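Here's the structure we're looking at; comments come further down.
Chain letters run A, B, ... following the sequence lines, proteins first and then strands; every chain starts at 1. The structure presented is a predicted model; accordingly, all values stated were derived computationally and were not measured. Worth knowing before you read on, the calculation uses all heavy atoms, side chains too, and leaves out hydrogens, waters and symmetry mates.
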Amino acid sequence: MGKASKRTAIEPTREQNYPEWYQQVIKAAELAENSPVRGCMVIKPWGYMLWENMQRVLDRMFKETGHKNAYFPLFIPKSYLEKEAQHVEGFAKECAVVTHSRLEMGEDGKLHPASPLEEPLIVRPTSETIIGEMYSKWVQSYRDLPILINQWANVVRWEMRTRLFLRTAEFLWQEGHTAHATEEEAWEETRQMLDVYADFAENYMAMPVLKGEKTEGERFPGAVSTLCIEAMMQDRKALQAGTSHFLGQNFAKASDIKFLSDAGELQYAWTTSWGVSTRLIGGLVMTHSDDDGLILPPRLAPSQIVILPVIPKDEHRGPVMEACESLRKELQAIHWVDEQHLSVELDDRDLRGGEKVWSWIKKGIPLRVEIGPRDLDSGSVFVGRRDTGEKTSMSRDEFVSKVTSILDEMQDGLHRRAREFRDANTRNIDSREAFYEFFKSEDTGGGFAWSHYSGEPELEDQLKQDLKVTVRCIPFEKDPEPGTCIFTGKPSRQRVVFAKSY
RNA sequence: CGGGGCGUAGCUCAGCCUGGUAGAGCGCUUGCUUUGGGAGCAAGAAGUCGUCGGUUCGAAUCCGGCCGCCCCGACCA
């Protein structure tokens, strides 16, 4: 097996061509593929199950923090979007516009839009304006506040260049929209939801994230402040994995969300919005996967375990399948994290052994259990771990009793590995020269640079031009240490995090 | 939106320059031998060559229009 073991399931490898590797991992894992519709992807069952698991966990977290789900229209009248000036500026270029309501068959045998709409409809790029419109009707008194609503939806942003999961014209997400009586309460909500996202990223995705605030240039259009979580991918680029916006009274003024306070004064509400999207799946892929394909954290994997029957001769089929079925039943009865049952696949497809094994490696399933005639005789199972590649034979009973602790260990191991990678590629950088050097050495360098920075937007433009580097966030720090900006020498309150980004 | 490239079997592509019966690899189907980390042999199915028009006895091949896709530059969860 000497030469065979060198072959990787995914070509090219991460080192050879990272973007192409990413595409190939998704293809090999059957997460998604490009569709005939420009910029829009098809999410396949294995990928969609992953999304459903993310939804399940996040939805529970949202409800535990007092939110309820609702649904608002896909279409937004153009005039609504026009209400908030910065919002318009931010989104206008990427809006899909519906202008007609009917198709008629022309003499050329083709369908033509026939009936122009009085007012064009925008396919939502985000729903602040339409939701604000409804909130303005629902809010009269301070007794109507807060409103804490989330929606699971699709949105459309007409992007020029798209990449599966990371940036597609249509994507799935959740958007929370809340309205509050006081500024302080809205701020608290903004921070709370960022904490929810960070909790989810760290403890379910096993993806370490930095929490912080966006600079003016990276802020959500129309927001007073945008908070974010930022993760490092294996190519050392940053991925914005979630955002939580403090909108101040900007959208309340635009949508006329007013209420009478307990003192009888008419006031504008304070609003927030926050979201994560199917982009998280891209982040998951790029955080953990290796040159043999996807690696999934057990807590979010569509299934934790696949059982692979080994049937050398037809006479083995009955006993082996029986053993597999009984093991599956026993494993499925086990409760694991959040009282969820373990999810177990039994792959009895008529494929050769090696091919079948590799298909599951590429799909990133945490544990593979092979059961053949020899195992039946010895009462053992053969277990392969996706995270370490380790393969061991152990007694069936031992496996059943240890399986949840093995999964916990894998979950922790992935998180630790990702955090160590990030930390190894994070530096405090204290001079302009060192900064440029850090980001210019394409192959060996790059990563997160923590540097003092005085915050001029022109400076950010310059760095973006020179190095494609931007401020990812102004991190939340316990004791920010003041210093001087490495570019201008002006005083700086704290270090900010720079990186190349997706 | 500017620059470059490409449309031929399910996929990746050759054939085009120099017009003459549509090709390969992978995948798929069937059979036999195999099966504990990517099997071997044999047989088979599969394409109006993106589209519309022109030149020609004859066009995947030459010419023109159109459509679609990919890559590179300014924006983004």
Review point. Planes under 30° and centres closer than 5.5 Å, is that true for A:Phe171 with the base of B:A77?
Key: yes
Practice item. Could I get the full list of ring pair (Phe, Tyr, Trp, His ring centres under 6.0 Å) partners for A:Tyr197, not counting sequence neighbours? Key: none
Which nucleotide in [options] has an atom nearest any side-chain atom of [X]:
X        : options             : answer
A:Lys93  : B:G36, B:C75, B:A39 : B:C75
A:Glu94  : B:G36, B:A39, B:C76 : B:C76
A:Pro373 : B:A77, B:G38, B:G36 : B:G36

Should [N] form a Watson-Crick or G-U wobble pair with both distances under 3.5 Å, which nucleotide is its partner?
N     : answer
B:U48 : none
B:G58 : none
B:C16 : none
B:C67 : B:G7
B:A22 : none
B:A43 : B:U29
B:C1  : B:G73

[N] [atom2] sits how many Å from [X] [atom1], rounded?
X        : N     : atom1 : atom2 : value
A:Lys363 : B:G38 : NZ    : C1'   : 17 Å
A:Leu164 : B:C76 : CG    : P     : 22 Å
A:Arg374 : B:U35 : CZ    : C1'   : 11 Å
A:Leu280 : B:A77 : CG    : P     : 14 Å
A:Ile281 : B:A77 : CD1   : P     : 18 Å
A:Glu159 : B:C1  : CD    : P     : 16 Å
A:Lys356 : B:G36 : NZ    : P     : 12 Å
A:Asn34  : B:G68 : CG    : P     : 17 Å

About how many Å separate [atom2] of [Y] and [atom1] of [X], when rounded to the nearest 0.5 Å?
X        : Y        : atom1 : atom2 : answer
A:Arg374 : A:His316 : CZ    : NE2   : 10.0 Å
A:Phe476 : A:Leu194 : CZ    : CG    : 5.5 Å
A:Arg219 : A:Gln86  : CZ    : CD    : 8.0 Å

Nearest-angstrom distance, [atom1] atom, [N] to [M]:
N     : M     : atom1 : answer
B:C6  : B:C49 : C1'   : 14 Å
B:U8  : B:G47 : C1'   : 7 Å
B:U35 : B:A14 : C1'   : 36 Å
B:A59 : B:G64 : C1'   : 15 Å
B:G36 : B:A42 : C1'   : 28 Å
B:C26 : B:G73 : C1'   : 35 Å
B:G10 : B:U18 : C1'   : 33 Å
B:U29 : B:C71 : C1'   : 37 Å

Pick base, sugar-phosphate or nothing for [X], based on heavy-atom distances below 4.0 Å to the nucleic acid.
X        : result
A:Thr168 : base
A:Gln240 : sugar-phosphate
A:Arg368 : base
A:Leu308 : nothing
A:Gly275 : nothing
A:Lys391 : base
A:Ala9   : base
A:Lys214 : nothing
A:Leu166 : base

Study note, to complete from the structure: Ranking A:Glu390 and A:Glu170 by the position along RNA chain B of their nearest nucleotide, the one closer to 5' is A:Glu390
Exercise for review: Specify the residue among A:Val381 and A:Lys27 whose closest nucleotide of RNA chain B lies further upstream toward the 5′ end.
Suggested key: A:Lys27
Review point. Can a donor-acceptor pair under 3.5 Å be found between the side-chain atoms of A:Arg167 and the base atoms of B:C76?
Key: yes
Review point. Between A:Leu407 and A:Pro366, what is the shortest heavy-atom contact and its length?
Key: CD2-CB, 4.1 Å
Check your understanding: Going by the angle between their ring planes, with limits at 30° and 60°, are A:Phe246 and A:Trp270 parallel, tilted or perpendicular?
Key -> parallel
Exercise for review: Please state whether the rings of A:Phe171 and A:Trp173 are parallel, tilted or perpendicular, taking 30° and 60° as the class boundaries.
Suggested key: perpendicular
Check your understanding: Do A:Asn425 and A:Met232 have side chains that get closer than 4.5 Å, going by heavy atoms?
Key -> yes
Exercise for review: If a pair satisfies ring-ring contact (aromatic ring centres under 6.0 Å, His included) and one of its residues is in residues 209-239 of chain A, list it, with sequence neighbours excluded.
Suggested key: A:His87-A:Phe220, A:Phe91-A:Phe220, A:Phe220-A:His245
Review point. Under 4.0 Å between a side-chain N/O of A:Arg352 and OP1 or OP2 of B:A39, yes or no?
Key: yes
Exercise for review: Taking only the side-chain nitrogens and oxygens of A:Lys468, find out if one of them lies under 4.0 Å from OP1 or OP2 of B:G73.
Suggested key: yes
